[in-house]
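Remarks on the structure that follows.
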Amino acid sequence: NFIKVFASDILENYIINKRWYGGKASTLKYIEIVHSFKIASNDNTYYGVLLEVNFKEAFYQHYFMPLAFMSEDDLDTNTVIAPVIMNEQEGYLVDALHQEDFRKLLFDKIIHSKKNEESKVTFHRGKALHVKEYISSHFMGVEQSNTSIVYNDNLVLKIFRRIYISMNPDYEISRFLTERMKFKHSPAYTGSISIVSSDGNITLGLMQELVPNQGDAWKYMLEEVDRIFDNLNTKKILISKLPD
């Protein structure tokens, strides 16, 4: 009964207002919970939930949302999904990423991950990860199609909100360049979070080295073009006289 009410009465009103929800141009038909897993810290129990959003236009999308039930005293955020009563206890249903305890849990699971560990969810530590402990975490800027969390001011974990049941190209390329090609000119792969469903592998999170922003490629290109024309003007070179 809770799952039915949660999917229809609560989630439908919540996700349509989130920036990472990509179905705003379509008409929502219903939401179904297709997969879930439990992950616990010393103090709290969290649930990773995979949602299938069905549209009246006869197509669907999959999304990932980690959930937590928190009492008012344990709440780290004003962003709540809904106030609820669970087992006669009043509290709030929240996106677990807004709880520091959960963000720390994900980080600890990655840095202490073990090979062949039996679990519905798999955490992987990359060869380039040398950090040994959690210090801090915060969200990176404005939430877009994914949610990015900065750890210790030098790592970033991208949580994929809209997910695809196949190998994730961001994960595949990042890990290949770092661990197979030893490529030094892109953010190093440092870890990942994934699950294996009956339909295939699903990447939920990708952690990489944090490279401070120095602008974007479009701005860089415009500056370089301006520099070229300034140079031509300084040297009094006529563009019409340049060879084809």
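Side-chain atoms are counted along with the backbone in the values below, which use heavy atoms only and exclude waters and symmetry mates.
Looking only at distances, no side-chain donor or acceptor of Asn54 sits under 3.5 Å from a matching main-chain atom of Lys29. With hydrogens and angles disregarded, no donor-acceptor distance shorter than 3.5 Å links the side chain of Tyr46 to the backbone of Leu97. Under the 3.5 Å distance criterion, the side-chain polar atoms of Gln99 are matched with a main-chain donor or acceptor of Asp74. Distance alone, capped at 3.5 Å, is enough to place a donor-acceptor pair between the Lys24 side chain and the Lys18 backbone. Side-chain atoms of Asn152 come within 3.5 Å of backbone N or O of Ser136 as a donor-acceptor pair. Although no hydrogens or angles enter the test, the distance criterion places a donor-acceptor pair under 3.5 Å between the side chain of Asp216 and the main chain of Trp218. Panel note: side chain Thr190, backbone Met207; a donor-acceptor pair is recorded below 3.5 Å. Not a single donor-acceptor pair under 3.5 Å links the side chain of Arg125 to the backbone N or O of Gly191.
Geometric assessment of Arg103 against the ring of Tyr134 yields a negative cation-pi assignment under the 6.0 Å and 45° thresholds.
Aromatic pair Phe139/His98: ring centres closer than 6.0 Å.
For the pair Val84 and Phe6, the minimum side-chain heavy-atom distance is 4.5 Å or more. With contacts defined as side-chain heavy-atom distances shorter than 4.5 Å, the pair Asp95/Thr79 does not qualify.
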Output, in order, the C-alpha distance, side-chain angles, deciding distance and verdict of side-chain contact (heavy atoms from CB on, under 4.5 Å) for Leu204 and Ile202.
CA-CA 6 Å; Leu204 302 178; Ile202 303 173; 3.9 Å; yes

Going through the distances and angles, do Lys127 and Thr178 end up as a side-chain contact (heavy atoms from CB on, under 4.5 Å)?
CA-CA 8 Å; Lys127 297 177 181 178; Thr178 301; over 6 Å; no

With side-chain contact (heavy atoms from CB on, under 4.5 Å) as the criterion, how do Thr77 and Tyr92 come out once you've worked through the C-alpha distance, each side chain's angles and the decisive distance to 0.1 Å?
CA-CA 10 Å; Thr77 177; Tyr92 297 90; over 6 Å; no

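Using modelled atom types and a 3.5 Å distance limit, the side chains of Tyr30 and Glu32 yield no donor-acceptor pair.
Looking at residues two or more places apart in sequence or on another chain, you find a side-chain contact (heavy atoms from CB on, under 4.5 Å) between His35 and Leu50, Ile195.
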